[in-house]
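As structure tokens, the structure follows; a few thoughts come after it.
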Number of protein chains: 2
Amino acid sequence: MQISPAVEDYTKAIYALQERGDGCAVTTNALAERLGVTPASASAMVKKLAGMGLVSHVRYRGVQLTAKGSAIALEVIRHHRLLEAYLSESLGVPWDRVHDEAEVLEHVLSEELEELIADKLGNPTHDPHGDPIPTRDGLMPDEPTVSLQTLATGDCGRFVRISDADPEMLRYLAARGIAPGDGFEVIDKQPFDGPVFARFAGEVHVLGGTLARAMRVEL
Amino acid sequence: MQISPAVEDYTKAIYALQERGDGCAVTTNALAERLGVTPASASAMVKKLAGMGLVSHVRYRGVQLTAKGSAIALEVIRHHRLLEAYLSESLGVPWDRVHDEAEVLEHVLSEELEELIADKLGNPTHDPHGDPIPTRDGLMPDEPTVSLQTLATGDCGRFVRISDADPEMLRYLAARGIAPGDGFEVIDKQPFDGPVFARFAGEVHVLGGTLARAMRVEL
DNA sequence: ATTCAAATTTAGTCACAACGAAATTTGATT
DNA sequence: AATCAAATTTCGTTGTGACTAAATTTGAAT
Ligand SMILES: [Mn+2]
Ligand SMILES: [Mn+2]
Ligand SMILES: [Mn+2]
Ligand SMILES: [Mn+2]
């Protein structure tokens, strides 16, 4: 069997959901929702992936990637993030738009081009959103981070990562000159999911609950 | 109906065959051979293209692109050639390999990326093989050339263009340092499809029948 | 005018990846 | 233990683009 773009997107989605969910099995529904297909479609594909040996599947229980499945997911994620870095750095595509471009290009990038791009960028370790780029030999650096949400008044840290899924957020941050790598200090934090007041490079910004939850930081 | 990659490749192939064949209708067989599919498959697609209004089709006679079909072909050709130029210039992909890469990327290039690439290259007019790049508004510059084959001893000219289809030939020329844009003089020409002896930049090269026929020149 | 080979089209099939509707399983609530 | 809603799977269908094998049409040679 061939590794189609659909198979790549499914393994990638399973990988991402597995990360979020503490190594638990990924449910068919979660997969369907993430990919924007019906549960029936996801179920059919899950069966196929199991047949290809990319996931282990317990009926009615969910799937987990096998070593083979993980390898494919990491390969596609490497393509995706290298492309994001490349589009951003070499072509000046704004960081809220690189994701959608990479989503299709990732399936079509040859190994040769992957190499050339990686070389040209000097083998970058992170994409424009701060997501780590798997290595050539399929290793994903593990970088524990916490949500900015969880910090308290007085905490200091560095903003390192944010989901590339929501272009709105990315534009909002870009407009305020906040980017991964920036250091900050929490000036104030309201309870009950309230906003975070944080100082980045002298300026104090108000970061609402959803945004603060999406921003990953290290201390 | 959607414009699928398959539809794009078919319109592109019809465009190319139409160019070669003096505006005559393109036969189903020629189309099938060019695309590496069976005549039955090409026939089915021709029917679909006619239904989409991209070609006019006379049964058992062949197809011709409509204005709408030409526009799509030219758009895809622009993508293809811009990508070839970009891969060659900005990423250093050797000119015998840019074609295969562009063949898949062309279907996935967004209009935004097309713009950025064109800008970055300074709106190039030709790809690495000397093929003209259609303009943003879908105009293909007409550049009459003759085959190097047809010249006679003593003729001078400039090598301007060669098909990107045969990587062997491209490597052969690259190895000898011959590239589109180079001037030359025909030193000797043997009859009966014999080789052409031509001097490029001081060096005399022997160019066999097939190669000499593929090389397009202007006087 | 027949004949015939090549070109073209039709008919029937397959793989893929989606869908809605219906059946089944699960696990939580009573 | 019975009930029930949510999750999951199965079933039947669709659309795309390929295939082989079998018609059909064409145009050239007899
Ligand atoms: Mn994708
Ligand atoms: Mn990213
Ligand atoms: Mn193509
Ligand atoms: Mn070319």
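Because the structure is a prediction, the values reported are computed rather than measured. Note on naming: letters A, B, ... go to the chains in the order of the sequence lines (proteins, then strands), and numbering restarts at 1 for each one.
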Can you figure out which of [options] approaches the side chain of [X] most closely?
X     : options               : answer
B:V37 : D:dC19, C:dT9, C:dA21 : D:dC19
B:R61 : D:dT26, C:dG20, C:dT8 : D:dT26
A:N29 : D:dT20, D:dT8, C:dT8  : D:dT8

- Task: Determine the minimum heavy-atom distance between B:R171 and B:W95, stating which atoms define it.
- Result: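 Shortest heavy-atom separation between B:R171 and B:W95 comes out as N-NE1, 4.4 Å.
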
- Query: How far does the helix from C:dA1-D:dT30 to C:dT30-D:dA1 bend, going by the axes of its first and last five pairs, to the nearest 10°?
  - Reply: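 Answer for the end axes of this duplex: 30°.
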
At under 4.0 Å, does any side-chain N or O of [X] touch on OP1 or OP2 of [N]?
X     : N      : result
B:S4  : D:dG17 : yes
B:Y10 : D:dA18 : yes
A:T27 : D:dA7  : no
B:S43 : C:dT10 : no
A:H57 : D:dT9  : yes
B:S41 : D:dG17 : no
B:Y60 : D:dA23 : no

- Task: Kindly indicate, with the supporting measurements, whether the criterion side chain to side chain contact (heavy atoms under 4.5 Å, CB included) is fulfilled by A:E8 and A:H79.
- Result: CA-CA 11 Å; A:E8 293 182 343; A:H79 284 192; over 6 Å; no

Rounding to a whole Å, what distance do you find between [X]:[atom1] and [N]:[atom2]?
X     : N      : atom1 : atom2 : answer
B:Q2  : D:dT14 : CD    : C1'   : 16 Å
B:L31 : C:dT9  : CG    : P     : 10 Å
B:M1  : D:dT14 : CE    : C1'   : 14 Å

- When rounded to the nearest 0.5 angstrom, what distance separates CG in B:L82 from CG in B:L113?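 Separation between the atoms: 10.5 Å.
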
- Message: Return the CG to CG distance between B:L35 and B:D9, rounded to the nearest 0.5 Å.
- Response: 6.5 Å

- Task: Assign A:T28 to base, sugar-phosphate, or nothing according to its heavy-atom contacts below 4.0 angstrom with the strands shown.
- Result: sugar-phosphate

- Query: In terms of the angle between their ring planes, are B:Y86 and A:Y86 parallel, tilted or perpendicular, with boundaries placed at 30° and 60°?
  - Reply: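 Taking A:Y86 first and then B:Y86, their aromatic rings stand perpendicular (interplane angle over 60°).
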
- Task: Kindly state which residues belonging to residues 44-55 of chain B come within less than 4.0 angstrom of DNA chain C, counting heavy atoms of the residue only, listed by number.
- Result: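 Output list: B:K47.
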
- Message: Taking A:D155 first and then A:K189, would you say they form a salt bridge - that is, a charged N and a carboxylate O separated by under 4.0 Å?
- Response: no

- Taking NZ, NE, NH1 and NH2 as the nitrogens, is one of them in A:E75 or A:R78 under 4.0 Å from a carboxylate oxygen of the other? no

- Tell me, with the steps shown, if B:L105 and B:L109 meet side chain to side chain contact (heavy atoms under 4.5 Å, CB included). CA-CA 6 Å; B:L105 290 169; B:L109 185 67; 5.9 Å; no

- Return the 5'-most residue of the pair A:A6, A:R59 with respect to DNA chain C, ranking by each residue's nearest nucleotide. A:A6

- List the steps, then state whether side chain to side chain contact (heavy atoms under 4.5 Å, CB included) holds for B:R216 with B:Q149. CA-CA 9 Å; B:R216 312 291 303 180; B:Q149 240 310 296; over 6 Å; no

- Query: Within 45° of the axis and under 6.0 Å from the centre of the six-membered ring of A:F159, does NZ or CZ of A:R161 qualify?
  - Reply: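 A:R161 over A:F159 ring: no.
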
